[in-house]
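First up is the structure itself, then whatever we jot down about it.
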Amino acid sequence: MATLLPNTFLFLPQPSSSSSSQRPDPKPNLSDHPTLSLLDQCTNLSQAKQIHARMLRLGLFFDPYSASRLITALTLSPSTSLDYARLVFDQIPHPNLYSWNTLIRAYASSPNPRHGLLLFSLMLQRGLHRPNKYTFPFAIKVASELAALSEGRALQGMAVKLGLDSDVFVLNSLIHLYASCSDLDLAHQVFVRIPQRDAVSWNSMITALAQSGRPEEALELFGEMEADESVRPNQVTMVSVLSACAKKGDLEFGKRVRSYIERNGIRCSLTMNNAMLDMYGKCGALEDAQMLFDEMTERDSVSWTTLLFGYAKCRGFRAARSVFDRMPDRDIGSWNALISACEQSGRPNDALALFHELQLTTSEVKPDQVTLVTALSACAKLGALDVGRWIHAYIKKQGFELNCHLATSLIDMYSKCGDLDKAMEVFQSANLKYKDVYVWSAMIGGLAMHGCGKAAIDLFLQMQEAKVRPNAVTFTNVLCACSHAGLVDEGRLYFSQMLPVYGVAPLASHYGCMVDILGRAGLLEEAVDLIEKMPIPAHYSVWGALLGACRVHGNLEVGELASKRLLELEPDNDGAYVLLSNIYAKHGRWDDVGKLRKLMKEKGLKKEPGCSSIEVDGVVHEFLLGDVSHPLSREIYSKLDEVASRLKSVGYVPDLSQLLRDVEEEEGKEQALHCHSEKLAIAFGLISTEAPAPVRIVKNLRICGDCHSVAKLVSVIYDREIVLRDRYRFHHFRKGECSCKEYW
DNA sequence: TTAGGGTTAG
């Protein structure tokens, strides 16, 4: 990555005779000038402009110290314009170091921190000032905001050259910098080398751990801080510790923190109450959260949103909506919390409706990156490509920077909506300058679900060339790619390398993938062997993968073992009964099939109903087996009859074998097969969309064998591409063939 | 001068 900083720091100027402090050179004759005193009382931009004009008339503006006072007033007062401050700065004939520092600091907390680094570079290029111990914390903060690791490291290098690397402010800033760049090792290296750690050093490291998904270590570090007698935990420490408790879900620790605060007389603030509210909510202690909320004398939109999320977690979406409706002010964060609560509770359609409501009902609150990421996630779940495309266009139109979060969501949305080319286009976009592990993993996952195993592995290798370290998700996707493409040797290789080569301990889900790879390839013994040697408890998904493989290969003995184990872990898993009965049926053991069905009925278990959806003009239409609820139902069934007769004319015979699992379907099997949800969706797609656009279907379960054959034939007879996403992967039907090459 | 609260990606 190209650095923004030139190599001018090799030729750093000698110390200037002027001040090396961040106090603007007090010149006795000017510091109490009445015009400058006015600056301290200045509250808005127009007043500042008047004072600026007066300073120009009096010639005061050409004195560096007076000019620095103006810059300070322009950047520190809440209602001023940074652009105006910059215009003024550029007019100062000889800005002093204080002015440079002040402006860099202002950029650090502005929407465009990048200008801060550019200004720092300009200062070095001019060569009149040498950055001091105040410059570095500001410049490093800019780098933190940008998560600019290489620039940050360059800044650290400069600080070392200038002998400022033992300054505790510089070091504390570096901890925050490296944490922002997700490099906790570097952050910790800085932390341990600070000779005299102050509260900020500790707080920075505790926060870094809490915010990087390592709340246990954050709490441990707080313990060490308490043991250090040279430093006292303060309000900020409490906020970070409460946040760690919330993330860990540790109510007991959270309550101890509350009494610690009271015992040590740490003053409560709004931020601290909000952090505590969040802790209660995330730990499921809703009554405590509500009680605290009721006691709070001051509340802001964060308090309300935190309460809203607590309700969403403990009482469900309706309760969250009722908090939302009672909120006095709703900012974009409140909307995002509501949309996200909805999306995460398995209601992606409602989440998109809320996204729509946000745009229709308010003009002041605009969607931000979080809104878009959440909405894209809902589109991905639904396979809502039109809405997803619209959001992509919105991102471009509004000028959102294509950062890793947005790129990951777009890649995932396009992949899951069946447009792999578009996903790849986002991945390769020139606007995406740096790709983090999420972006790479999403693209590998996209290729995997479309059955492009070799391409996925190739990308995995490219990722390593780019020096991006794979994580657990990356491996899930790589193994998934191997599974869908039947790449057994590659699967074995990468699975065996996970811990020794990449330092990623395989989770139960990785074992599940590996069992899937081996099982599908018919290597059932090896799969069982792998499960028996697992160093961690086998999750139900591991046995599920084995059972699925037994169904494919009709292995009764291993199948019985797998279902037994699966049901021990998940007694109400309907899939286990269905798969096992399927295997019995394949062997003609109808008595056992009957027994299983009876057992399911006794337990009140029902096979999850198959549901297929298709998006037309931004509206998602859902179909169940034999569904007649669609307004165009008559046309759909008439199309289905036409399809059936054209299929028969080319010699198609329905495949009834997979129907044997459902007792309800025994009568009129062929009829039931005829109106499977995926066939209804295909028929609707044929009448409501035009070639060459593919018919895109999303199914909640695995596609049935007969529907798979029908889709292949329809793709030839009607010369239409059908893209179908099932529970596990994509099937692209083109000219009578499927991209899965029958390996599914 | 540096550190802190709600909502986001598999």
Side-chain angles (χ1 to χ4, degrees), chain A residues 21-23 101-102 104-105 108 132-141 144 167-177 179 198-208 210-211 234-244 246 269-279 281-282 300-310 312 331-341 343-344 368-377 380 403-413 415-416 436-446 448-449 471-477 480 509:
Chain A
S21 80
Q22 187 58 3
R23 205 169 294 150
N101 289 350
T102 304
I104 293 169
R105 175 196 190 185
N132 66 3
K133 64 175 184 173
Y134 294 94
T135 322
F136 280 102
F138 301 147
I140 293 168
K141 186 172 179 174
S144 310
D167 183 274
V168 75
F169 284 83
V170 174
L171 292 166
N172 292 345
S173 306
L174 286 170
I175 296 175
H176 180 63
L177 164 77
D198 62 10
V200 180
S201 321
W202 286 95
N203 294 348
S204 302
M205 198 62 226
I206 291 171
T207 306
Q211 291 181 348
N234 60 18
Q235 234 180 51
V236 180
T237 323
M238 294 302 110
V239 172
S240 302
V241 170
L242 284 168
S243 164
S269 66
L270 176 60
T271 305
M272 198 199 275
N273 278 333
N274 286 343
M276 202 172 305
L277 200 55
D278 185 44
M279 181 276 292
K282 294 251 165 73
D300 63 3
S301 71
V302 175
S303 327
W304 279 95
T305 307
T306 308
L307 187 73
L308 182 161
F309 222 69
D331 62 10
I332 188 59
S334 337
W335 278 92
N336 290 343
L338 186 71
I339 297 173
S340 155
E343 202 266 336
Q344 284 175 14
D368 68 0
Q369 183 200 285
V370 177
T371 329
L372 300 171
V373 165
T374 313
L376 283 168
S377 171
N403 61 22
C404 290
H405 253 103
L406 278 174
T408 304
S409 303
L410 282 168
I411 291 167
D412 187 54
M413 181 278 292
S415 301
K416 288 193 177 147
D436 70 6
V437 62
Y438 284 92
V439 178
W440 285 95
S441 304
M443 196 62 239
I444 292 170
M449 69 181 92
N471 64 15
V473 178
T474 323
F475 279 104
T476 305
N477 295 349
C480 187
S509 55

- Message: Looking only at side-chain N and O atoms, does A:E343 offer a donor or acceptor that is under 3.5 Å from a partner on A:S377?
- Response: yes
- The side chain of A:V302 lies closest to which of these nucleotides: B:dT7, B:dG6, B:dA3? B:dG6
- Query: Checking all strands, does A:Y438 fall into the base, sugar-phosphate, or nothing category for heavy-atom contacts under 4.0 angstrom?
  - Reply: base
- Separation of A:N132 atom CG from B:dT2 atom C1', in whole Å? 14 Å
- Any donor-acceptor pair under 3.5 Å from A:S243 side chain to A:V239 backbone: no
- Query: Of the nucleotides B:dT8, B:dT7, B:dT2, which has the atom closest to the A:N336 side chain?
  - Reply: B:dT7
- Task: Please determine, for the side chain of A:S173, which listed nucleotide (B:dA9, B:dT2, B:dT8) has the closest atom?
- Result: B:dT2
- Message: B:dA3, OP1 or OP2 - any side-chain N/O from A:H176 closer than 4.0 Å?
- Response: yes
- Pairwise salt bridge (Lys or Arg N to Asp or Glu O under 4.0 Å) hits with a residue in residues 403-412 of chain A, at least two apart: A:D412-A:K416
- Query: When we call it a touch if two heavy atoms are under 4.0 Å apart, what does A:G445 touch: a base, just sugar-phosphate, or nothing?
  - Reply: nothing
- Picking from B:dA3, B:dA9, B:dG6, the nucleotide nearest the side-chain atoms of A:N203 would be B:dA3
- Would you check if there is a donor-acceptor pair between the side chains of A:N132 and A:T135 at a distance under 3.5 Å? yes
- Query: Of the candidate nucleotides B:dT8, B:dT1, B:dT7, which contains the atom at the shortest distance from the side chain of A:P137?
  - Reply: B:dT1
- Aromatic ring of A:H405 stacked on base six-ring of B:dT8, 5.5 Å, 30°: yes
- Task: Would you indicate which nucleotide in B:dA9, B:dA3, B:dT1 comes nearest to any side-chain atom of A:R105?
- Result: B:dT1
- Have a look at A:N273 and say if it touches a base, only the backbone sugar-phosphate, or nothing, with a 4.0 Å heavy-atom cut-off. nothing
- Any donor-acceptor N/O pair under 3.5 Å between B:dG10 base and A:N471 side chain: no
- Query: With a non-hydrogen cut-off below 4.0 angstrom, is A:E343 in contact with a base, only sugar-phosphate, or nothing?
  - Reply: nothing
- Nucleotide of B:dA9, B:dG4, B:dA3 approaching A:V373 most closely (side-chain heavy atoms): B:dA9
- Query: The side chain of A:D331 lies closest to which of these nucleotides: B:dT1, B:dT8, B:dG6?
  - Reply: B:dG6
- Task: Verify the contact: side-chain N or O of A:Q344 to OP1 or OP2 of B:dT8, cut-off strictly under 4.0 Å; return yes or no.
- Result: yes
- Message: Mind checking if A:S340 touches a base, just sugar-phosphate, or nothing, with heavy atoms under 4.0 Å?
- Response: sugar-phosphate
- Query: A:D167 near the nucleic acid: base, sugar-phosphate alone, or nothing, with a heavy-atom cut-off under 4.0 Å?
  - Reply: nothing
- Message: Under 4.0 Å, heavy atoms only, any strand: does A:S334 hit a base, just the sugar-phosphate, or nothing?
- Response: base
- Which is true for A:N477 with a 4.0 Å heavy-atom rule: it touches a base, it touches only sugar-phosphate, or it touches nothing? nothing
- Ignoring backbone atoms, test whether A:K133 places a side-chain nitrogen or oxygen under 4.0 Å from the OP1 or OP2 oxygen of B:dT2. no
- Whole Å only: how far is the CG atom of A:D436 from the P atom of B:dG10? 12 Å
- Item | Touch class at under 4.0 angstrom, heavy-atom based, for A:N234 against every strand present | base
- Message: What is the distance, to the nearest angstrom, from the CE atom on A:M205 to the P atom on B:dA3?
- Response: 15 Å
- Item | Presence of A:T476 side-chain N/O under 4.0 Å of B:dG10 phosphate oxygens OP1/OP2 | no
- Query: Which part of the nucleic acid, if any, lies within reach of A:T408 when heavy atoms closer than 4.0 Å are counted: base, sugar-phosphate only, or nothing?
  - Reply: base
- Is any side-chain N or O of A:K282 closer than 4.0 Å to OP1 or OP2 of B:dT7? yes
- Closest to the side chain of A:S243, out of B:dT8, B:dG6, B:dA9, is B:dG6
- Message: Using every non-hydrogen atom in the two residues, find where A:N403 and A:L406 come nearest and quote the distance to one decimal.
- Response: OD1-N, 2.9 Å
- Task: Measure distances between side-chain N and O atoms of A:T305 and base N and O atoms of B:dG6, and say whether any donor-acceptor pair falls under 3.5 Å.
- Result: yes
- Task: Give one of base, sugar-phosphate or nothing for A:L270, where a contact means two heavy atoms less than 4.0 Å apart.
- Result: base
- Could you walk me through whether A:S303 and A:N273 pass the side chain to side chain contact (heavy atoms under 4.5 Å, CB included) check? CA-CA 8 Å; A:S303 327; A:N273 278 333; over 6 Å; no
- Task: Remember a base hit wins even if backbone is also touched, and classify A:S201 as base, sugar-phosphate or nothing at under 4.0 Å, heavy atoms.
- Result: nothing
- Item | From B:dG6, B:dT8, B:dT2, nucleotide with atom closest to A:F169 side chain | B:dT2
- Item | Set of ring pair (Phe, Tyr, Trp, His ring centres under 6.0 Å) partners for A:F136, sequence neighbours left out | none
